[in-house]
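Just so you know, ligand 1 is whichever comes first in the structure, and atom 1 is the first atom listed for that ligand. Quick caveat, the model's predicted, so the values are computed rather than measured.
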Amino acid sequence: MKPQAPNLSIPASPSGLELNWKTSVLCSQGIIEAYTSYLPVTSRTPIVTLSEGNTPLIPMPHLSSLIGRGVKVMIKYDGLNPTGSFKDRGMTMAISKAKEEGASAVICASTGNTSAAAAAYATRAGIKAFVIIPQSKVALGKLAQALLYGGEVIGIDGNFDQALTIVRELGERYPITVVNSVNPYRLEGQKTAAFEIVDLMGDAPDYLFIPVGNGGNISAYWMGFCEYHQEGRCKRLPKMMGFQAAGSAPLVVGKPVLDPETLATAIRIGNPANWEKATAVKDASGGEFNAVTDQEILAAYRILANKEGIFCEPASAASVAGLLKYSDKVANEATVVCVLTGNGLKDPDSAIAFSANEFKKGIAPSLDAVAHVMGF
Ligand SMILES: *Cc1c(COP(=O)(O)O)cnc(C)c1O
């Protein structure tokens, strides 16, 4: 018989307002505190936060020199959020509002990152999280997170699109809040990444290159840039350049893909939930949707890691793969921000399988043997 783990769960504080000690100690702010006036929260909203956001905008000298023509390439590294992806920005909002509305459980379909974020923030709020995942296509780190954060993880023998269909119906039939990007609070939280870019740069970039799965994040960024633009906080609006994996590119081919396939599992989505929104964003911004192959994604994944020192997950590298493939679409001297949506540690299997670097193992434990392998 398996030993039972002791129940170590700590009852969560029912309301962020009760965390009185916080007012006397300086802590990192999350996105809701940083951008309260731009978000649909009130003084009664319990703020469920892990101090997400405020992620770095990092210059990319190697990529910039590859593109040339004075183009300045930066990445917005949202893989440095608390659970390792941009989903935290949306989840702090979705879970705070669910808590405010008295929800006792939330549910999401996920390719992995949404499940990790939902489980973490729900735990923080004292709410139960059910996550439905395509059981054989979730990166190891994401599954590990969802389980350890205490989510109820349910694997289906199907893909993300099927999981989302089930989740939306469960949300209609049972008293449970859906926290996929069809939840409007998700996009509200995610738009803060655009605010952070403008706050740092003093204006919007000329182009935003971004991986697209369900099309929620590209819509959220555009909402953020437009809100700042209306307030005069930025003078320009970026062209929104969205990239899908070639085997899973419904927005590029113009119709749903029944059997999406790509090793970039976070964007392995055949029927994007935010199809209309994302298309409207592309059109309004003068941007484009294009596809990159898995080989191109892996090439960008390796360049980011072994030339720039940035470890992202494969889906994230679609933005940089898109820039390298479609650099002729970028004007001279332009500023380009590529969004890196998730952390490389999420998917160690891909990193090891596709590293350009050899693991030299089986070496005898002697100085001479090691020195010889080192080339001395
Ligand atoms: C969720 C996710 C995406 C896709 O974002 P959408 O809002 O679904 O377009 C891309 N990359 C990573 C790492 C993700 O977790």
Quick note on ligand 1: atoms under 4.0 Å from a heavy atom of G216 include exactly 6 (P), 7 (O), 9 (O)
For M240 versus S285, what's the shortest heavy-atom pair and its separation? N-OG, 3.0 Å
Less than 4.0 Å between a side-chain N and a carboxylate O, is that true for K142 and E313? yes
Against the six-membered ring of F195, is K191 placed for a cation-pi contact (under 6.0 Å from the centre, within 45° of the normal)? no
Pair E196 + K76, salt bridge at N-O below 4.0 Å: yes
Test of understanding: given a 4.0 Å heavy-atom threshold, classify the contact between I267 and ligand 1 as side chain, backbone, both, or neither. side chain
So, is G213 polar-close to ligand 1, with some N/O to N/O distance under 3.5 Å? yes
Do any nitrogen or oxygen atoms of T341 lie less than 3.5 angstrom from nitrogen or oxygen atoms of ligand 1? yes
Salt bridge D206-R236, side-chain N to carboxylate O under 4.0 Å: yes
What is the closest protein heavy atom to atom 7 (O) of ligand 1, and at what distance does it sit? N217 N, 2.8 Å
Is the F209-F243 ring centre distance short of 6.0 angstrom? yes
Kindly work out whether a path of hydrophobic side-chain contacts (I/L/V/M/F/W/Y, heavy atoms less than 4.5 Å apart) joins I156 to Y174. yes
Would you say the side-chain atoms of Y38 and E188 include a donor-acceptor pair closer than 3.5 Å? no
Near V212 (heavy-atom distance under 4.0 Å), the atoms of ligand 1 are 9 (O)
Looking at G342, which atoms of ligand 1 are within less than 4.0 Å of one of its heavy atoms? 13 (C)
For ligand 1 and E313, I'd like to know whether there is a polar contact (N/O to N/O, distance under 3.5 Å). no
Considering non-hydrogen atoms of the protein only, which is the closest contact for atom 8 (O) of ligand 1, and what is the distance? N214 N, 2.8 Å
Give me the residue, atom name and distance of the protein heavy atom closest to atom 5 (O) of ligand 1. F86 CZ, 3.4 Å
Going by heavy atoms, is G215 under 4.0 Å from ligand 1? yes
Students should be able to answer this: which protein heavy-atom is nearest to atom 2 (C) of ligand 1, and at what distance? K87 NZ, 2.5 Å
